[in-house]
Structures are given as structure tokens and as C-alpha cells.
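Here's the structure, in C-alpha cells; my notes come after.
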Amino acid sequence: MQIYLDFDGTVVEHEYPNIGKYNTGCFEVLRKLEKAQHTIILNTYRVDCTDGTLQEAIKYIKTQAKISLHDVEQRKIMPSPWDWEVFRLRDLIFIDDICPGIPLKKSKNTRNKIVDWKAINKLKTI
């Protein structure tokens with residue numbers, strides 16, 4: 001499957017233009033997905049920025065998570081609702097804090113909600 005991965009609110013907490021604090025559990029699930037030979041594609045609004053924040057996000061993921069990004073989407077693709085039947089049919093998954101229905105948790109450092117990687121890791125489909 002292709003995994004379209006968001007950055008702010010998903011991999012890290014919201015602190016744009018800075019790199020937010022690590023979202024616990026993210027790297028473990030990403031490594032699990034990569035080991036299962038899924039393709040991970042960065043899908044972030046940072047692609048529209050010319051301030052170097054996209055490159056910082058790519059470097060963060062590659063060095064901290066120690067995974068390969070197969071590609072970076074050239075423009076942010078709006079995620080479809082969190083629905084495993086749709087994901088299976090399309091052979092792609094959106095992991096993004098704005099994906100309707102995705103498991104979220106309260107951020108420790110901001111008022112925003114962020115992706116709940118512990119809940120995602122429990123899914124038998126991952």
C-alpha cells in the first residue's frame with residue numbers, strides 16, 4: 001500500500017514553522033509499515049513553503065525515524081475519511097490529523113489534537 005503521511009499533528013505536535021515534539025509511537029508504527037514493504041510518501045502542507053521547513057521535516061523523519069521516504073507529494077492531497085474498506089480498494093492509506101475519523105489524542109503541549117499512534121498500532125490491518 002501507499003501510505004500518505006502528514007507531518008505536523010501526525011509525526012510531531014503542531015509547532016510550525018518549528019519541528020514540534022515527537023508524537024509518541026509514530027516511529028515504531030512507521031518502521032513496522034516500512035518493514036511490511038509499504039511505500040511511505042510525505043504529504044504535508046510544508047510542500048507549499050519556501051522557507052526550508054519541508055527539508056527540515058524530511059531530514060527529521062529520515063534521521064529520527066530511520067526510515068526511507070519513497071517520495072514527497074508535490075502538493076498536499078486532502079485525505080479521505082479514515083475507512084479501511086476504502087483504503088483497501090484504493091491500495092492507499094492517509095495518516096493525517098485532518099483525516100475525518102482517524103484516532104486522535106490530546107496534545108501534551110498544544111491545544112490541538114494529534115494522531116493517536118497507539119490506537120493505530122492496535123489495528124490488525126496495520
Side-chain angles (χ1 to χ4, degrees):
M1 285 190 159
Q2 291 183 338
I3 312 293
Y4 282 78
L5 177 70
D6 179 45
F7 188 69
D8 298 289
T10 302
V11 175
V12 297
E13 295 191 18
H14 290 276
E15 287 187 26
Y16 179 84
N18 299 317
I19 302 287
K21 297 200 183 312
Y22 169 66
N23 187 356
T24 306
C26 171
F27 297 158
E28 294 80 6
V29 174
L30 292 178
R31 287 186 203 113
K32 184 177 175 181
L33 292 168
E34 183 177 56
K35 187 176 181 179
Q37 300 186 355
H38 295 293
T39 302
I40 301 173
I41 301 165
L42 187 58
N43 182 43
T44 175
Y45 283 117
R46 289 181 181 235
V47 298
D48 295 329
C49 302
T50 58
D51 56 4
T53 57
L54 174 61
Q55 291 73 22
E56 290 175 4
I58 293 167
K59 181 179 177 185
Y60 181 85
I61 291 170
K62 288 182 176 180
T63 59
Q64 298 296 316
K66 297 181 176 39
I67 64 163
S68 300
L69 290 174
H70 293 272
D71 202 356
V72 177
E73 189 57 46
Q74 297 304 306
R75 62 178 175 73
K76 173 75 172 186
I77 298 174
M78 292 304 295
S80 60
W82 186 256
D83 183 332
W84 284 103
E85 295 307 314
V86 172
F87 293 155
R88 278 191 208 103
L89 289 173
R90 293 184 181 170
D91 202 30
L92 69 89
I93 298 172
F94 285 96
I95 302 179
D96 192 320
D97 62 310
I98 64 170
C99 185
I102 194 168
L104 297 173
K105 66 181 181 180
K106 186 176 180 197
S107 168
K108 293 178 185 174
N109 300 301
T110 69
R111 295 181 351 179
N112 299 315
K113 291 197 174 195
I114 58 177
V115 170
D116 185 344
W117 287 98
K118 186 176 181 180
I120 290 174
N121 193 39
K122 289 180 180 178
L123 300 171
K124 298 198 185 306
T125 51
I126 292 281

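- In this structure, the side chain of Arg31 does not engage the main chain of Lys66 through any donor-acceptor pair within 3.5 Å.
- Taking each heavy atom of Glu13 and Thr110 in turn, the nearest pair found is OE1-N, 3.9 Å.
- In this structure, the side chains of Ile67 and Phe27 stay at 4.5 Å or more apart for every pair of heavy atoms.
- When side chains are defined from C-beta on, Glu28 does not count as touching Asn121, because their heavy atoms never get closer than 4.5 Å.
- Taking all atoms of both residues into account, the shortest heavy-atom contact from Thr53 to Pro17 is CG2-O, 3.5 Å.
- Looking at Arg88 and Glu85, a side-chain N of the basic residue comes within less than 4.0 Å of a carboxylate O on the acidic one, giving a salt bridge.
- In terms of heavy-atom proximity, Ile98 sits nearest to Met78 at CD1-CE, 3.5 Å.
- In this structure, the ring of Trp82 has its center no less than 6.0 angstrom from the ring center of Phe94.
- In terms of hydrophobic clustering, with Ile, Leu, Val, Met, Phe, Trp and Tyr side chains grouped at heavy-atom distances under 4.5 Å, Val115 and Leu123 are assigned to a common cluster.
- Across all non-hydrogen atoms, the minimal contact from Trp117 to Gly25 is CB-C, 3.6 Å.
- The shortest distance between side-chain heavy atoms of Ile102 and Asp96 does not fall below 4.5 Å.
- The two residues Pro100 and Pro79 make their nearest non-hydrogen contact at CD-O, 4.3 Å.
- A heavy-atom distance below 4.5 Å is found between the side chains of Lys76 and Asp6.
- No donor-acceptor distance shorter than 3.5 angstrom exists from the side chain of Ser68 to the backbone of His70, with no hydrogens or angles considered.
- When each of Leu42, Thr44, Asn43 is paired with Glu73, the side-chain contact (heavy atoms from CB on, under 4.5 Å) condition holds for Asn43 and for no other.
- Contact check for Tyr22 versus Gln64: no side-chain heavy atoms found under the 4.5 Å cut-off.
- Taking CG of Asp48 as the start and CD of Gln74 as the end, the distance is 10.5 Å to the nearest 0.5 Å.
- Scored by the side-chain contact (heavy atoms from CB on, under 4.5 Å) test, Asp71 finds Ile41 as partners (sequence neighbours excluded).
- Within the 4.5 Å cutoff, the side chain of Ser80 has heavy atoms near those of the Arg90 side chain.
- Between Asp91 and Met1 the shortest side-chain heavy-atom distance falls below 4.5 Å.
- Judged by distance alone, the side chain of Asp116 and the main-chain N or O of Ala119 form a donor-acceptor pair under 3.5 Å.
- Checked for salt-bridge contact, Arg46 and Asp8 meet the test: a charged N lies under 4.0 Å from a carboxylate O.
- You'll find the side chain of Tyr45 stays beyond 4.5 Å of the side chain of Tyr16, heavy atoms only.
- Taken to the nearest 0.5 Å, the CG atom of Leu69 stands 8.5 Å off from the CD atom of Glu34.
- A continuous path of Ile, Leu, Val, Met, Phe, Trp and Tyr side chains, each step under 4.5 Å between heavy atoms, connects Trp84 with Ile3, placing both in one hydrophobic cluster.
- In this structure, CD1 on Ile93 lies 11.5 Å from CG on Asp83, to the nearest 0.5 angstrom.
- Lys105 NZ: more than 12 foreign heavy atoms inside a 6.0 Å radius.
- With rounding to the nearest 0.5 angstrom, the CD atom of Gln2 is 6.0 Å from the OG1 atom of Thr39.
- Checking side-chain atoms of Asn112 against main-chain N and O of Gly9 turns up no donor-acceptor pair under 3.5 Å.
- How far SG of Cys49 is from CG of Leu54: 8.0 Å, rounded to the nearest 0.5 Å.
- A distance of 6.5 Å separates CD1 in Ile95 from CG in Leu5, rounded to the nearest 0.5 Å.
- The backbone N or O of Ile114 lies less than 3.5 Å from no partner atom in the side chain of Asp97, so there is not a single donor-acceptor pair.
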